[in-house]
Amino acid sequence: MAKKREKKPNTWDPNYNKSNKKSKLESNENKNETNNNNNNNNNNNEIIGNGNNNNNNNNGNDAYITTAGDKKIDSKKFWNNIEPKSEVFEEYYKAMGIIDNEEEFKKMFELMGKPLPTTFRINTTIGKSLQSLVIDQLKELVSENSGYKDIEIDGELVELPSPFSWYPNEMAWKSSIPKKSFKKNPELSKFHHFLVHHNQQGNITRQEAVSMIPPLFLDVQSHYNILDMCAAPGSKTTQILEDLHMKHNLENEEIIKRSLKGDSSGSSTSNEKPSIYIPKGCIIANDVDTNRCYMLVTQTTRLGSPAIIVTNHEAQNFPLLYSKNSDSTESPIYMDRILCDVPCSGDGTTRKNPEVWRKWTHAGSIGLHQLQIKIATRGCQLLKVGGRMVYSTCSMNPVENEAVIAQIIQKSAGSIRLVDVSSQYPSLIRRPGLHSWTVIDKAGNFPTFESQPEDKKYKLSKTLWPPTPQEAIDMHLEYCMRVYPHLQDTGGFFIAVLEKVSDCPNQIGKKTGPLNQIDNNQTITEASTTTTTTTTTNNTTIATTTTTTTTDEKITETTESTETTIEKQPKKQIKNDRQPKLKERDKRQKFFEEPFTVPSEELKKELDVVSKFYGLIEFPMGNLLTRGKNSQKIYWASDSVLSIISNESNKSLKVINCALKLFQRHDGLGAMECAYRISQDSVLWIEPFLSKRIITMTHDDLVMIFKKNEPFFTDFNESISDQLKVMEPGCFVIKIGGALRETLSSGMVFSAWRGKVSMHLLVSKQEIESYKGIFHVIDDPVSPTNNNAIDSVKKDESKEVSEQIVQDQLKEQKDQN
């Protein structure tokens, strides 16, 4: 169990104490996080120096979500405290030559000093019913009668929400309304209400527009194994996870229709469920910072998917995983797709992180360059031949972008190539990658490596500079994509799509010679200026002070060959004061989580009772996991997740969380046939497998439950009341009947508890309040009941059952915090 983290002050505050560098897990609508980039390498402070923007770098564009309705900061006050202007910053990019036209360059920097518009995605895994409800309410907001059409804010007409032209199926939307506008004009409260409630419920994800771009180019399929190397805070991860499920639904549409034809209720449920089966593939969401991993858990839990693993590793040292074959041999698992959204200086995020204007320095991009190469190199090694890796940053600096791509291609010996994706998403405005650039630091502008003074050549790596003009042409660096803020009112971003056409030199997991020469070649130069301390794994020997975490993978080469490789490296003296920093880093990264395991034989007997109690038909009971010896929770895993977790050879994988919580055991509630309840997170997925303990209700019944909280059986119509009376005490499932969109809640499912004389939902109070907001439910005035005897029984059982459930929910929240 992870240690509980103490609360940290809001880093948006200009008076924030810079010494507080740990990340923070936000709740509900504000899944925001600071300290996003440099945690992947705890020695970056030493590399970058000068007290630069370590606290404000962003790994992707997810770290700060300055969207409308966010209660974390008064954006007006914030912009008054920080002037969005920096002559050093502006002159740097003028000299870099990223935009030749002076007027266009000026336009870009003017826009970089203004707040971002509101942007969000509609969740595609919530089921057709709820998805249709979100879209209908959104269209109502933008209708002619919405009342927003003539509103002016700061002298400009409000731009109503509209879908992005480049995002598929109109599932991503934007509005020019900044956050501070909601406080200025009460007529915008309806839009604010929409954003808050649906975001809390997980029906939408508030995400910056440019952050949505990299996952689109992964071209995800449902059977793929996908790795998100630097995933926190998780908006890109959830986007990929949604795509994984959506592709699965499309691929199995006919199967789903056939499997749901036998529905006796007569409702059109073929469009109600994402799928009665889960994708074969999975996504591994990794982050180096344990606290940020819990943010990932919070984000991904909102979706409720069995196809997720959250891990805690340095991206540059992520272990090679193995799967068991039918003949008991093992094979390495190479990833079909990898998102490599590396830590960066974040200078493209000025519109959501104005601190960049006053904290930006030359050293940020230079200091992160080698780490970015290491992470991208590791990604290439873990990628399957024929697989695709998307490299991205929220920086406009070619030192962090094209320079890294050029180095990867040079060292790959033809195994990695850039992919031309210019024909995909044609309405997305982007610029081609650069072929040339200069390197600038506080000492001056150096067009070439040779042009710098002799005393600096050992400080700045040659990889910072561009390749020769012919090499740049051969590499097709123009296939990289640059998204500038002024092109479509966004932040700045860089994306490159790479394909692996053959094994890398000395490919990890292959018994073809000495250890991973591509990694050793990369670190020879770095070792000569940093350290000769080594960490040996089964697939690579890393010679650097910043990446000494040992991954306990499967050893396929001998120690003797490793020693030979190390002896050939140039020797350099090591500063003795570095070892304590490694120990401190190891202390911060201490891992507390219990491993996930397959159920014991004793537990399997209990699960047989559970299966009979709920009447599970064709449910994959072999895909269940538990955690620890005394765990009260049962998890449902996809085939890929199960293959990874159940293999002892992957025991070095530091798993924070995985799969989908399916059942929760309740002890101390008296004698009952089954003590396991169905988690609300998984009820949508398990409902198609149930043949018992499921009751169809109407939308009016649901509204009544919301209002009364714990209605008596007699509060329902005779049919429902009779079903409740004959049912054994314990958990059951409520399904709202009716054709798609016949009512606001048609097709939705809820986990509920049948007590002695009453029932209630097994849904958190906050979630119920969100539903009431979405459905516009107004509570009735409280009226006393005359049936004191029944009320007394109901009160006693409510206290017993509800308190136990609330304790479980609080414990889960505490575990995540």
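Positions are given from 1, in the same order as the sequence printed here.
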| task | Look at the rings of Phe596 and Tyr635 and say which category their plane angle falls in: under 30° parallel, 30 to 60° tilted, over 60° perpendicular. | result | perpendicular
*Is a salt bridge present between Glu769 and Lys772, judged by a nitrogen-to-oxygen distance below 4.0 Å?*
yes
Rounding to 0.5 Å, atoms OG1 (Thr698) and CG (Asn717) come to a distance of 7.5 Å
In terms of heavy-atom contacts, Leu684 and Val749 come closest through CA-CG2, 3.6 Å
Rounding to 0.5 Å, atoms CD (Gln766) and CD1 (Ile768) come to a distance of 11.0 Å
Task: Distance-only polar pair, side chains of Thr124 and His245, donor-acceptor under 3.5 Å - done: no
Q. Is there a side-chain contact between Leu761 and Glu767, using heavy atoms and a 4.5 Å cut-off?
A. no
Output for pair (Ile278 CD1, Trp685 CH2), nearest 0.5 Å, gives 8.0 Å
So CG of Asn199 and CG of Asn123: to nearest 0.5 Å the spacing works out to 11.0 Å
Residues passing the side chain to side chain donor-acceptor pair (under 3.5 Å) test with Thr300, sequence neighbours excluded, are none
For Arg121, the side chain to side chain donor-acceptor pair (under 3.5 Å) test, sequence neighbours excluded, returns Gln207, Thr238, Glu242
Cut-off 3.5 Å, side chains only: do Ser770 and Gln200 have a donor facing an acceptor? yes
Residue set satisfying salt bridge (charged side-chain N to carboxylate O under 4.0 Å, His left out) with Glu648, at least two apart, ordered chain then number -> none
Ring geometry between Phe706 and Tyr771 (parallel below 30°, tilted from 30 to 60°, perpendicular above 60°)
parallel
SB check Arg754 Glu728 (cutoff 4.0 Å)
no
Note: Lys280-Asp639 ion pair, threshold 4.0 Å (strictly below): yes
Separation between CD (Glu718) and NZ (Lys725), nearest 0.5 Å, reads 8.0 Å
So does Asp336 get a backbone contact from the side chain of Asn225, meaning a donor-acceptor N/O pair under 3.5 Å? no
request  = Apply side-chain hydrogen bond (donor to acceptor under 3.5 Å, both in side chains) to Asp608 and Ser611, showing your working.
outcome  = CA-CA 5 Å; Asp608 287 339; Ser611 179; over 6 Å; no
One should read off an interatomic distance between Leu339 CG and Ile226 CD1, to the nearest 0.5 angstrom, of 9.5 Å
Q.
Ring centres under 6.0 Å, that's the criterion: do Tyr676 and His666 meet it?
A. no
| request: Tell me, yes or no, whether the heavy-atom count around Lys612 atom NZ, taken from other residues, nucleotides or ligands under 6.0 Å, exceeds 12. | output: no
Margin query: When you compare the side chain of Pro233 with that of Arg292, does any pair of heavy atoms fall below 4.5 Å?
Written below: yes
Treating Ser638 as the side-chain partner and Cys282 as the backbone partner, does any N or O pair qualify as donor plus acceptor under 3.5 Å? no
Check whether any side-chain N or O of Ser745 sits under 3.5 Å from a backbone N or O of Met748 as a donor-acceptor pair, and report yes or no. no
Practice item. State whether Arg627 and Glu593 are salt-bridged, where the test is any N-O pair (Lys NZ or Arg NE/NH1/NH2 against Asp/Glu carboxylate O) under 4.0 Å. Key: yes
Residues passing the side chain to side chain donor-acceptor pair (under 3.5 Å) test with Ser751, sequence neighbours excluded, are none
### Message
side-chain hydrogen bond (donor to acceptor under 3.5 Å, both in side chains), that's the test. Do Ser640 and Ser643 meet it? Break it down for me.
### Response
CA-CA 5 Å; Ser640 293; Ser643 175; over 6 Å; no
Contacts of Asp136 meeting side chain to side chain donor-acceptor pair (under 3.5 Å) (sequence neighbours excluded), chain-then-number -> Arg741
Looking at side-chain heavy atoms only, is the closest gap between Met171 and Gln131 below 4.5 Å? yes
Residues Leu607 and Met621: closest non-hydrogen pair is O-CE, 3.6 Å
Charged N-O contact under 4.0 Å between Asp228 and Lys236:
no
Hits for salt bridge (charged side-chain N to carboxylate O under 4.0 Å, His left out) against Lys247, two or more places apart or cross-chain, chain-then-number order -> Asp243
How about Lys190 and Phe194: do any of their side-chain heavy atoms sit closer than 4.5 Å? no
Note: Pro711 and Met704 closest approach over all heavy atoms is CB-SD, 3.5 Å
Does Ile309 reach the side chain of Ile283, with side-chain heavy atoms less than 4.5 Å apart? no
request  = May I ask you to check whether Phe613 and Phe663 place their ring centers less than 6.0 Å from one another?
outcome  = no
* Pairwise side-chain contact, Leu724 with Phe716, heavy-atom cut-off 4.5 Å (strictly under) -> yes
